[in-house]
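Read the structure below first, then the notes.
All residue numbers refer to positions in the sequence shown, counting from 1. Just so we're clear, the structure is a prediction, and the values are computed from it rather than from any experiment.
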Amino acid sequence: MKKLTRITIALDEETAKLLEKMKEGTALSQSELMRQALRFYDENKDILNASAKKSLHMYMDMLLSGEHVILDVDHWLLLLNLIESSPEKEKFWTNCREVARSHAEQTEAKSFLSGRSTGTSRGL
């Protein structure tokens, strides 16, 4: 077993209630719950950065809308190889550029309406 270091912390009422709520429904001790919460925070602290948080929310919005999916890289490569071997590959790439331009404009408009500019539609 790992050597444990004891610490004392003070929680405000709201945070103490949150800890109690999180403990409910688990068989974890307060100490183990706090260890897991600290590890989780350490692994995910980068999303607290404003720009990373903005990007994460944009990706979540796109996925939750049902119009976008996450595609495994190996599947993406198989699809690209199939496209490249197609006699209509130039038509595909032309259509891709049109869709990308449209999405960039939609993203820019959405960002503009929410008060932030992404600059995504420039340079396409």
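Contacts of Arg39 classified as side-chain hydrogen bond (donor to acceptor under 3.5 Å, both in side chains), with partners at least two apart in sequence or in another chain: Glu32. The salt bridge (charged side-chain N to carboxylate O under 4.0 Å, His left out) test applied to Asp42 returns Lys45, not counting sequence neighbours. Among residues two or more places apart in sequence or in another chain, the side-chain hydrogen bond (donor to acceptor under 3.5 Å, both in side chains) test is passed with Ser31 by none. Residues forming a side chain to side chain contact (heavy atoms under 4.5 Å, CB included) with Ile9 (at least two apart in sequence, or on another chain): Ile7, Leu11, Met34. Partners of Glu84 according to the side-chain hydrogen bond (donor to acceptor under 3.5 Å, both in side chains) rule, which considers only residues two or more places apart in sequence or in another chain, are Lys89, Trp93. Take Phe40 and apply the side chain to side chain contact (heavy atoms under 4.5 Å, CB included) test, not counting sequence neighbours, and it matches Asn44.
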message = Run Thr94 and Arg97 through side-chain contact (heavy atoms from CB on, under 4.5 Å) and show every step you take.
response = CA-CA 5 Å; Thr94 299; Arg97 283 187 290 278; 3.5 Å; yes
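Using a cut-off of 4.0 Å between Lys/Arg side-chain N and Asp/Glu carboxylate O, Lys17 and Glu13 are scored as salt-bridged.
Side-chain contacts under 4.5 Å among hydrophobic residues (ILVMFWY), followed directly or transitively, place Leu64 with no other residue at all.
Interatomic distance, Lys2 NZ to Arg35 CZ, rounded to the nearest 0.5 Å: 9.0 Å. Going from atom CG of Asn95 over to atom CD of Glu90 covers 11.0 Å, rounded to the nearest 0.5 Å.
With a 4.5 Å cut-off on side-chain heavy atoms, His68 and His103 count as touching.
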Mind listing the side-chain donor-acceptor pairs of residues 20-28 below 3.5 Å, one per line with the distance, residues two or more places apart or on another chain?
{"residue": "Glu20", "atom": "OE2", "partner": "Gln30", "partner atom": "NE2", "Å": "3.2"}
{"residue": "Thr26", "atom": "OG1", "partner": "Lys23", "partner atom": "O", "Å": "2.9"}
{"residue": "Thr26", "atom": "OG1", "partner": "Leu28", "partner atom": "N", "Å": "3.4"}

Side chains of residues 74-82: which donor-acceptor partners sit under 3.5 Å, not counting sequence neighbours?
{"residue": "His75", "atom": "ND1", "partner": "Asp72", "partner atom": "OD2", "Å": "3.4"}
{"residue": "Asn81", "atom": "ND2", "partner": "Leu77", "partner atom": "O", "Å": "3.3"}

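In this structure, Tyr59 places its OH atom where only 12 or fewer heavy-atom neighbours from other residues, nucleotides or ligands lie under 6.0 Å away.
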